[in-house]
There are 2 protein chains.
Amino acid sequence: MSSEATAAPPRPLRADAQRNYDRILEVACDAFREHGVQTSLDDIAKRAGVGAGTLYRHFPNRDCLLAAALGEGRQALDQVVVTCLSREDAGEALNEWLIAVAVYLGSYDGLADSVAQAIHDDSSPLGTPCTALKASTATLLKRAQEAGAVRADVNADDLFVLASSLAWAADSNGYDHSDLRRLLTLVTVGLR
Amino acid sequence: MSSEATAAPPRPLRADAQRNYDRILEVACDAFREHGVQTSLDDIAKRAGVGAGTLYRHFPNRDCLLAAALGEGRQALDQVVVTCLSREDAGEALNEWLIAVAVYLGSYDGLADSVAQAIHDDSSPLGTPCTALKASTATLLKRAQEAGAVRADVNADDLFVLASSLAWAADSNGYDHSDLRRLLTLVTVGLR
DNA sequence: TTGACAACCGGAGGCTCTCTCCGTATATTC
DNA sequence: GAATATACGGAGAGAGCCTCCGGTTGTCAA
């Protein structure tokens, strides 16, 4: 498909470079989905029919490739925010959002780990999108709190960490979506 | 008709072997604490002043070494179970236990991951102790439920997964004990 | 004490994976 | 149809895991 336009590239990629970029990304998505974030990068290069050097020129490290591979999922999440914001039940909207975040962070095996690492590393391209996720979480939380659906002393960072944890739990324990929802219910409704 | 005595060790280690075993374990504890569960095993061998072969003979893989290094912490946990069982407030006792489990699984960076992997792998020596932890969780949960402190539809496995998740979250986000407690409160009291 | 043997040691080396370097090839431009 | 910036590829350095086996040493009976 079409490539991703970063802020303002001074010059378009050469045709062969663009071809390779796209091919690598396509293969990487499959590999991550199939073998998790720890899949071999050299193997991705091989499967894409390029040398290792070419892969590393386009994506200097694993996180860069991962961030690129997550691009589409991120756009889908932006859509979810809009939908959630338009829902009447603010508490339910927040739940829906947290599930979406957990599902997103569970896209690939081990992704929650990578993201958690990256979030404390300004140089990682995985950190930036997460800041946006946190911001959206804050917005939806505030709305839920104003509607009286959520206690006032809950903070957005904890909530994001909780969503990440659920993603991790699902990954590590082979939980599916319904398990995820059950766990989230445990969290949101509480043990009383 | 069993041919092997699993309980009694058939023969004590030779003196030099015992010395090496102890030394490796000591160095390993430090290394795990300092660099997490992914620390280099060859490096541990080097620091312990033995060859790689010696390390792998005593501890065939990382999980074996990890399980041995966790031995003491596990005994401390057994103590916690006893204490919790003797507490009057069954709900509070369960909370205390979950915190203890989370702290235990946060002993080393990445431990929660290793344990979660091992739990679905019968051949891993890390799995066995976890079965015990789950059993204790079930006992304390049942007690809390009978005291009416916890809903009846909560199950012990989910609770254990939740405790693991908290350990993971603490690891990955640099949370300390008070953060951990706050997160657990979020979970147990709920958002509403 | 000594000899014989089982138990144990060490580290070379095979394998995999990451990432870099640089001689070579090719798309683009004029 | 050059000239040139851009991009390619794969050899290879470095690090880690784990095995294999020739050599060493603790142990015990005599």
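Letters A, B, ... mirror the listed sequences (proteins, then strands); counts begin at 1.
Counting only distance, with no hydrogens or angles, the side chain of B:Asp30 and the backbone of B:Val27 share no donor-acceptor pair below 3.5 Å.
The distance from atom CD1 of A:Ile24 to atom P of D:dA7 is 12 Å, rounded to the nearest whole Å. B:Phe59 places its CZ atom 11 Å from the P atom of C:dC9, with the value rounded to the nearest Å. Between A:Leu55 atom CG and D:dA7 atom C1' there is a gap of 14 Å when expressed in whole angstrom units. In this structure, A:Arg57 atom CZ and D:dA5 atom P are separated by 17 Å, rounded to whole Å. Between B:Asn20 atom CG and C:dA7 atom C1' there is a gap of 13 Å when expressed in whole angstrom units. In this entry the distance linking CG of B:Asp22 with P of C:dC9 reads 12 Å, nearest Å. Separating the CZ atom of B:Arg47 from the C1' atom of C:dG11 is a distance of 19 Å, rounded to the nearest angstrom. B:Gln18 places its CD atom 14 Å from the C1' atom of D:dG26, with the value rounded to the nearest Å.
A salt bridge does not link B:Asp89 to B:Arg87: none of the charged nitrogens lies less than 4.0 Å from a carboxylate oxygen. Salt bridge status for B:Arg181 with B:Glu96: present, with a side-chain N to carboxylate O gap under 4.0 Å. For B:Lys46 and B:Asp42, the salt-bridge test fails: no basic side-chain N is under 4.0 Å from an acidic carboxylate O.
Ring geometry, B:Tyr21 versus B:His58: the interplanar angle exceeds 60°, so the pair is classed perpendicular (tilted spans 30 to 60°).
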Could you run down the sub-3.5 Å N/O contacts of the protein with nucleotides 14-17 of chain D?
| unit_1 | atom_1 | unit_2 | atom_2 | d |
| --- | --- | --- | --- | --- |
| D:dC17 | OP1 | B:Arg62 | NH2 | 2.3 |
| D:dC17 | OP2 | B:Ser40 | OG | 3.3 |
| D:dC17 | OP2 | B:Leu41 | N | 2.9 |
| D:dC17 | OP2 | B:Asp42 | N | 3.4 |

Contacts under 3.5 Å, N or O only, protein and nucleotides 27-30 of chain D:
| unit_1 | atom_1 | unit_2 | atom_2 | d |
| --- | --- | --- | --- | --- |
| D:dT27 | OP1 | B:Ala15 | N | 3.1 |

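More than 12 heavy-atom neighbours from other residues, nucleotides or ligands sit within 6.0 angstrom of NE2 on B:His120.
Heavy-atom distances to DNA chain D give each of A:Gly53 and B:Gly53 a nearest nucleotide, and the one nearer the 5′ end belongs to A:Gly53.
Considering only side-chain N and O atoms, A:His58 lies under 4.0 angstrom from the phosphate OP1 or OP2 of D:dC8. Within the 4.0 Å cut-off from OP1 or OP2 of C:dC19, not a single side-chain nitrogen or oxygen of A:Asn61 is found. For the pair B:Thr54 and C:dG10, the criterion of a side-chain N or O lying under 4.0 Å from OP1 or OP2 is met.
Remark: A:Gln145 engages A:Leu141, A:Val150, A:Val154 in a side chain to side chain contact (heavy atoms under 4.5 Å, CB included) (not counting sequence neighbours).
Within 4.0 Å (heavy atoms only), A:Ala52 reaches at least one base atom of the nucleic acid.
A:Trp97 and A:Thr137 share a side-chain donor-acceptor pair at under 3.5 Å.
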Legend entry - Residues B:Arg151, B:Asp153; criterion salt bridge (charged side-chain N to carboxylate O under 4.0 Å, His left out); working and verdict: CA-CA 6 Å; B:Arg151 290 207 318 267; B:Asp153 64 327; 2.8 Å; yes
